[in-house]
Undergrad: 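Below is a structure I'd like to ask you about.
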Amino acid sequence: QVRLVESGGGLVQAGGSLRLSCAASGGTFSGYTTGWFRQAPGKERESVATLHWNGKTTLYTDSVKGRFTISRENAKNTVYLQMNGLKPEDTGVYYCAATLWGSGDLRLRSYNNWGQGTQVTVSS
């Protein structure tokens, strides 16, 4: 299976934007459903957004709808998470995950391939 490498995290003020990238190493995202998840300090990991292997169907957790966009660029073997209108409660470590021929649901247990995470900090 592919190795996932996240990048793009950082420190941003509330209301700002960041774009996270998840690159596939050792393969492509063909056939993979991918997702972004996050974990705030002292809290459980939660889902953020998923992109079906068809490249079209997306799901978002309610708290990020209208602000975040998940997308994929096949030519670069990369999945993105564009985050706009960031809020302090968006702070956490963001993880990219993937599963072959996944249904695209938001459940963590549906994903068996995880990256190492990238830190996002939103200051108020």
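Keep in mind that what you see is a predicted model, and the values were worked out from it rather than measured.
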Undergrad: Under 3.5 Å, side chain of Asn113 to main-chain N/O of Val2, donor-acceptor pair present?
TA: yes
Undergrad: Show me the pairs that pass ring pair (Phe, Tyr, Trp, His ring centres under 6.0 Å) and involve residues 82-106, at least two apart or across chains.
TA: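 Found Trp53-Trp101.
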Undergrad: At what distance, to the nearest 0.5 angstrom, does OG1 of Thr58 lie from NE2 of His52?
TA: 11.5 Å
Undergrad: Treating Ile, Leu, Val, Met, Phe, Trp and Tyr as nodes and any side-chain heavy-atom pair under 4.5 angstrom as an edge, say whether Tyr60 and Met83 lie in one connected cluster.
TA: yes
Undergrad: In this structure, would Leu11 and Val93 fall into the same cluster of hydrophobic residues linked by side-chain contacts under 4.5 Å?
TA: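 Per the 4.5 Å side-chain linkage, Leu11 and Val93 are not co-clustered.
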Undergrad: Using a strict threshold of under 4.0 Å (side-chain N to carboxylate O), is an ion pair present between Asp90 and Lys87?
TA: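 Looking at Lys87 and Asp90, the cut-off is not met.
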Undergrad: Which residue pairs satisfy the ring pair (Phe, Tyr, Trp, His ring centres under 6.0 Å) criterion with at least one member in residues 18-51, sequence neighbours excluded?
TA: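 Output for this query lists Phe37-Tyr111, Phe37-Trp114.
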Undergrad: Within the side chain of Thr91, is there an N or O that forms a donor-acceptor pair under 3.5 Å with the backbone of Val122?
TA: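 Flag set: sc Thr91 to bb Val122 pair under 3.5 Å.
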Undergrad: Between Thr78 and Lys76 (side chain of the first, backbone of the second, donor and acceptor by atom type, cut-off under 3.5 Å), is there such a pair?
TA: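 Yes, the answer is positive, given that a donor and an acceptor are paired below the 3.5 Å cut-off.
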Undergrad: If every non-hydrogen atom of Thr34 is compared with every non-hydrogen atom of Ala98, which pair is closest and at what distance?
TA: CG2-CB, 4.0 Å
Undergrad: Is Tyr80 reaching over with its side chain to a backbone N or O of Thr69, donor-acceptor style, under 3.5 angstrom?
TA: no
Undergrad: To the nearest 0.5 Å, how far apart are CG in Asn77 and OG in Ser30?
TA: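 Separation between the atoms: 9.5 Å.
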Undergrad: For residues 3-16, which residue pairs pass the side-chain hydrogen bond (donor to acceptor under 3.5 Å, both in side chains) check, not counting sequence neighbours?
TA: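 Checked against side-chain hydrogen bond (donor to acceptor under 3.5 Å, both in side chains) - neighbours excluded - the pairs reaching residues 3-16 are Glu6-Gln116.
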Undergrad: If you measure from CG on Leu20 to CD on Gln82, what distance do you get to the nearest 0.5 Å?
TA: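 Nearest 0.5 Å value for the CG-CD distance: 9.0 Å.
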